[in-house]
Each structure stands twice: as C-alpha cells, then as structure tokens.
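Working notes for the structure below.
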Amino acid sequence: MSSSSELRHPASLLPRSFHNRDLVHLMCQPVSYDMIQYIALQTTRVITLADEPQPAAAPLPTPPHTPNKPTLAEQQQQQNHQAQASKLPSLENFIIYICQSSHVQVPTLLTTLIYLERLKAKLPKMAKGMPCTRHRVFLATLIVAAKYLNDSSPKNKNWVTYGRLFELAEVNLMEKQLLYLLNYDLRFDEEEAIRYFAPFL
C-alpha cells in the first residue's frame, strides 16, 4: 500500500513528496482578507494613475511659464474621468466582490501575483493609468490565471457579471492586451510560485 506522501497530488502528475509541503497546504486554504489586501497592494504597484500625486522632487530653477488653458475636449475628458472615479469601488472592494461572486480558489487568485509582476516589468516606467486601470489590470490577470490553471473556467461574459464594471468588449480587449504584453507566456514553475506566494507560506 502506498504511503500518503507517494500518492499523486490531484493537481499534479507527481507524488506529493515531490512538492513543497507548505505550498501544497496553501493551495487547500480558503481565500483570506490578507491575500486580498496584499494583491490589491501589488496591483497598485504595477502602474501609477495620472491623477496620483507624485513624490516631491528637488525644485530646479526654471523660468516661469504661461499656463495653458485646457481645450473643451480636455475639460470634457477630465470631467468624464472624475465621474468614472466617483462610481468606482476601491480596488480592494472590487477584488473582494469578484472573489465572492466567482468563488475563486487560492491557486488562481495567488497566480495573479506572478502575472502582475511580469506586467510591471513590461510597462514603461512613465506609463500612467486612468482611475479604473488597476481594476482592469487585476481582472485581466485573474481571467488569464483562471483559464491557464483550470480545464473549465468562467467565460468572459461571466466575468462581466462578476466584476459589474466593464462591458464584454472591454473585458475581451483587456485580456488580449495582457496576453500580448506577456508574450502569451503564462508558464511558471513551483520555484517561482513559492517565491511570489512566500508571504502566505
């Protein structure tokens, strides 16, 4: 009779003893608020928002400049952004709601950490986002993680329902954009997973 350590893990082709014991244990745990807080924090580090205050830099002597009056189109765009921002839930609340409505499991949720870090490395340092950009980034990483890890995962129309913020065309586009930026390479190994999931091991 085989010992429990030699039985094949249901999510692997290898015996349990070949895997990190803490990682295997983590994969069976329920999603926690600490995980959601941490993922929200890592998502905010991927991209800066255009209206976020920048760290103060040492002032350089420059001649005064004439302020430019915004055009009507620029004023309208700013008003649209402000209206959108006022309707947005916090990123943390957005993640909580999606986790609850989609019943996402820990392996899928934590895999977003790997893709968030890869995306951060790909984006230009000066890239700026809209108020909803981080919500889009998180949702896109969750969608690709779910599709990569699971034989059967929610369709994008289901994610529209779970997220409640974006239309189907937007969800399809954000998924395609993320895959392009990641060069369609979603692979990772156990060592990489251990590194990114370390706060919870």
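Remember, it's a predicted structure, so these values are computed and weren't measured experimentally.
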Requested in this report: Using the test side-chain contact (heavy atoms from CB on, under 4.5 Å), find all partners of K125 that sit at least two apart in sequence or belong to another chain.
Outcome: none
Query - Hydrophobic cluster identity match, L201 and I114, side-chain contacts under 4.5 Å - result: yes
Query raised in the report: Going from CD on E92 to CD on Q37, what distance comes out if it is rounded to the nearest 0.5 angstrom?
Result: 5.0 Å
Query raised in the report: Quick one: side-chain hydrogen bond (donor to acceptor under 3.5 Å, both in side chains) partners of N93, sequence neighbours excluded?
Result: S90
Report summary line: Applied to residues 153-167, the salt bridge (charged side-chain N to carboxylate O under 4.0 Å, His left out) test, sequence neighbours excluded, yields none
Query raised in the report: Taking only residues two or more places apart in sequence, or in another chain, which ones meet V106 in a side-chain contact (heavy atoms from CB on, under 4.5 Å)?
Result: L26, M27, V31, M35, L110
Query raised in the report: Please, which pairs that meet ring-ring contact (aromatic ring centres under 6.0 Å, His included) have at least one residue in residues 26-53, sequence neighbours excluded?
Result: Y38-F200
Report task. Identify, with sequence neighbours excluded, every residue that meets ring-ring contact (aromatic ring centres under 6.0 Å, His included) alongside F94. Result -> H135
Query raised in the report: Measuring from I36:CD1 to Y97:OH, what's the distance to the nearest 0.5 Å?
Result: 14.0 Å
Requested in this report: Apply the test side chain to side chain contact (heavy atoms under 4.5 Å, CB included) to residues Y148 and S153: give CA-CA distance (whole Å), side-chain angles for both, the deciding distance (0.1 Å), then the verdict.
Outcome: CA-CA 9 Å; Y148 180 68; S153 64; over 6 Å; no
Query - Distance, nearest 0.5 Å, that separates OG1 of T161 from CG of L168 - result: 9.5 Å
Query raised in the report: Considering only heavy atoms from C-beta outward, does the side chain of N20 approach that of V24 to under 4.5 Å?
Result: no
Query - For the student: nearest non-hydrogen atoms of L23 and F197, plus distance - result: CD1-CD1, 3.7 Å
Query - Contacts of A127 that satisfy side-chain contact (heavy atoms from CB on, under 4.5 Å) - sequence neighbours left out - result: I47, P124
Report summary line: Across all chains, not counting sequence neighbours, the side-chain contact (heavy atoms from CB on, under 4.5 Å) partners of R21 are none
Query - Rounded distance [0.5 Å steps], CD1 in I95 versus CG in L109 - result: 7.5 Å
Query raised in the report: Under a single-linkage definition using a 4.5 Å side-chain heavy-atom cutoff for Ile, Leu, Val, Met, Phe, Trp and Tyr, are L173 and F138 assigned to the same hydrophobic cluster?
Result: no
Requested in this report: Could you list all the side-chain hydrogen bond (donor to acceptor under 3.5 Å, both in side chains) pairs where at least one residue sits in residues 189-201, not counting sequence neighbours?
Outcome: H19-E190, R118-E192
Query raised in the report: Which pairs with one or both residues in residues 172-181 pass side-chain hydrogen bond (donor to acceptor under 3.5 Å, both in side chains), sequence neighbours excluded?
Result: K147-E175, N156-N172, N156-E175
Query raised in the report: When rounded to the nearest 0.5 angstrom, what is the spacing between CZ in R136 and CG in L165?
Result: 9.0 Å
Report summary line: d(L149 CG, T108 OG1) to nearest 0.5 Å is 5.0 Å
Query - Atom of N150, atom of A145 and distance for their closest heavy-atom approach - result: ND2-O, 4.5 Å
Query raised in the report: Does the side chain of Y162 reach to within under 4.5 Å of the side chain of V104, using non-hydrogen atoms?
Result: no
Query raised in the report: Under a 4.5 Å cut-off applied to non-hydrogen side-chain atoms, are L49 and M130 in contact?
Result: no
Query raised in the report: Do T141 and T111 come within less than 4.5 Å of each other through their side chains, counting heavy atoms only?
Result: no
**Report entry** Verdict with reasoning, K122 to N183, per side chain to side chain contact (heavy atoms under 4.5 Å, CB included)
**Finding:** CA-CA 10 Å; K122 292 282 186 179; N183 295 322; 2.9 Å; yes
Query raised in the report: Where is the tightest heavy-atom contact between L113 and Q42, given as atom of each residue plus distance?
Result: CD2-CG, 3.7 Å
Query - Partner residues of S152 under the side-chain hydrogen bond (donor to acceptor under 3.5 Å, both in side chains) criterion, sequence neighbours left out - result: none
Query raised in the report: Do the side chains of L178 and M174 get nearer than 4.5 Å, heavy atoms only?
Result: no
Query - In one Ile/Leu/Val/Met/Phe/Trp/Tyr side-chain cluster, 4.5 Å: L123, L182 - result: yes
Query - Residue pair L139, F166: steps toward the side chain to side chain contact (heavy atoms under 4.5 Å, CB included) verdict - result: CA-CA 10 Å; L139 181 55; F166 308 108; 3.9 Å; yes
Query raised in the report: Do any pairs count as a ring-ring contact (aromatic ring centres under 6.0 Å, His included) and have a residue in residues 101-125, sequence neighbours left out, and if so which ones?
Result: none
**Report entry** Note, L142 side chain near W159 side chain (heavy atom, < 4.5 Å)
**Finding:** yes
